[in-house]
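These notes are about the structure you will find just below.
Labels below follow one simple rule: chain letters A, B, ... track the order of the sequence lines, proteins then strands, and each chain is numbered from 1.
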2 protein chains.
Amino acid sequence: MAQKKMHCDCLATIKPVRDTLDVINGKWKLPIIISIGVGNDRFTDIQESIPGITPKVLAKELKDLEQHKLILRTVIDEYPVKISYQLEPYADTLTPIIYALKDWGLNHRKVVTAE
Amino acid sequence: MAQKKMHCDCLATIKPVRDTLDVINGKWKLPIIISIGVGNDRFTDIQESIPGITPKVLAKELKDLEQHKLILRTVIDEYPVKISYQLEPYADTLTPIIYALKDWGLNHRKVVTAE
DNA sequence: GATAGTACTTTCCTAAAGGAAAGTAGAATT
DNA sequence: AATTCTACTTTCCTTTAGGAAAGTACTATC
């Protein structure tokens with residue numbers, strides 16, 4: 001028998017984790033979802049609520065998130081024309097992830113500053 | 001008074017989330033932690049357990065994770081010299097994040113294939 | 001002296017992410 | 001005709017991530 005030392009299989013966890021990372025990867029997608037979730041529905045408000053984001057990056061990420069059915073873009077036909085961004089209900093399923101990341105980040109800051 | 005329309009403040013959430021993302025960003029760090037956590041402690045085993053990873057990328061990410069005190073690198077002085085990678089206890093604090101990402105990924109696959 | 005085994009490193013390359021600064025579009029107001 | 005407002009777009013550039021293929025270092029065994 002070709003008995004080899006085998007690595008332990010962990011694909012059952014790695015694969016879904018990577019599926020998720022493919023959707024919410026990068027520096028900006030979760031911050032944008034958080035910002036919209038908290039009530040910022042206009043391009044400029046979202047931009048101002050996220051330090052360091054440029055309009056180019058914001059526009060690109062908003063398109064990505066729209067394609068992933070996480071946010072909804074609505075044109076409001078007033079003067080001047082406004083655009084409203086809202087979370088799709090599906091975006092709420094990201095809440096546990098956001099809280100897990102927030103909690104870890106808060107604790108990590110304590111750990112790092114305690115050093 | 002210079003009353004402006006104000007964006008809603010969400011920095012209390014965005015900042016810790018970004019702190020976390022700074023540590024576990026990229027395609028490979030969480031898969032590596034999962035692999036080591038499940039029992040793969042050797043370079044080659046970790047490499048084989050994560051589809052698509054190259055030795056160069058694995059070596060770099062292992063160094064990053066070691067610097068962040070998430071894994072421990074131990075030299076075993078046998079012949080041939082072996083290296084053992086283990087999770088630091090601190091890496092266990094990432095478990096809630098990993099499960100949240102795994103659960104979301106599993107559900108997302110259902111959602112996407114149902115379309 | 002050659003070979004094997006483990007854990008990488010090196011080189012070279014492409015693609016994607018990110019950023020600064022300025023510009024544009026379309027309609028209403030002055 | 002010029003200005004204002006919102007929501008972007010455009011250009012140009014730098015940085016980072018990722019990947020393929022081959023090579024290296026060390027030591028023990030044959």
Each nucleotide N or O in nucleotides 21-30 of chain D that has a protein N or O under 3.5 Å away: list the pair and distance.
none

Worksheet item: Of the non-hydrogen atoms in B:Leu21 and A:Gly26, which two are nearest, and what is the gap between them?
Response: CD1-O, 4.1 Å

Discussion item. Between A:Lys60 and A:Asp64, does any NZ, NE, NH1 or NH2 come within less than 4.0 Å of an OD or OE carboxylate oxygen?
Written reply: yes

Practice prompt. Hey, which sits more toward the 5' end of DNA chain C by its nearest nucleotide, A:Gly52 or B:Gln47?
Written response: B:Gln47

Worksheet item: Residues from residues 61-73 of chain A sitting under 4.0 Å of DNA chain C, heavy atoms only?
Response: A:Glu61

Worksheet item: How many angstroms lie between CD1 in B:Ile34 and CG in B:Asn40, if you round to the nearest 0.5 Å?
Response: 11.5 Å

Worksheet item: How would you list, by chain and number, every residue that makes a side chain to side chain donor-acceptor pair (under 3.5 Å) with B:His68, sequence neighbours excluded?
Response: none

Practice prompt. Could you state the atom-to-atom distance from CZ of B:Phe43 to P of C:dT6 in whole Å?
Written response: 13 Å

Worksheet item: How long is the line joining CG of B:Leu58 and C1' of C:dC8, in whole Å?
Response: 9 Å

Worksheet item: Rounded to whole angstrom units, what separation is found between the NZ atom of A:Lys82 and the P atom of D:dC5?
Response: 12 Å

Worksheet entry | Among A:Lys110, A:Lys102, A:Arg109, salt bridge (Lys or Arg N to Asp or Glu O under 4.0 Å) partner for B:Asp19 | A:Arg109

Fill in: B:Thr20 side, atom OG1; B:Ile97 side, atom CD1 - distance, nearest 0.5 Å
5.5 Å

Discussion item. Just to verify, what does B:Lys29 make a side chain to side chain donor-acceptor pair (under 3.5 Å) with, not counting sequence neighbours?
Written reply: B:Asn25, B:Glu61

Practice prompt. Among A:Ile46, A:Ile32, A:Thr74, find the one that has a side chain to side chain contact (heavy atoms under 4.5 Å, CB included) with A:Tyr85.
Written response: A:Ile46

Worksheet entry | Gap between atom CG of B:Leu30 and atom CZ of A:Arg18 - 0.5 Å precision | 11.0 Å

Worksheet item: Among residues 10-32 of chain A, which contact DNA chain C at a heavy-atom distance under 4.0 Å?
Response: A:Lys27, A:Trp28

Worksheet entry | Atom-pair distance (CD1 on B:Ile53; P on D:dA17), nearest Å | 14 Å

Worksheet, complete the sentence: Rounded to whole Å, the NZ-C1' distance (B:Lys60 to D:dT16) equals 8 Å

Discussion item. Testing the basics here: between A:Ser49 and B:Ile14, what is the closest heavy-atom pair and its distance to 0.1 Å?
Written reply: O-CD1, 4.1 Å

Discussion item. My understanding is that only residues two or more places apart in sequence, or in another chain, count here; which of them pass salt bridge (charged side-chain N to carboxylate O under 4.0 Å, His left out) with B:Arg73?
Written reply: none

Worksheet item: How long is the line joining CG of A:Asp45 and P of D:dC5, in whole Å?
Response: 15 Å

Worksheet, complete the sentence: note: A:Ile76, atom CD1; D:dC8, atom P; distance rounded to Å ~ 12 Å

Fill in: Distance below 4.0 Å between B:Arg42 side-chain N/O and C:dT6 OP1 or OP2
no

Discussion item. Looking at C:dA7, I'd like to know if its phosphate oxygens (OP1 or OP2) sit under 4.0 Å from a side-chain N or O belonging to B:Thr44.
Written reply: yes

Discussion item. I want to check one thing: is the phosphate of C:dC8, taken as OP1 and OP2, less than 4.0 Å away from some side-chain N or O of B:Tyr85?
Written reply: yes

Fill in: Closest contact, heavy atoms only, B:Leu58 versus B:Phe43
CD2-O, 3.6 Å

Worksheet, complete the sentence: When rounded to whole Å, the CD1 to P distance for the pair A:Ile46 and D:dT6 reads 14 Å

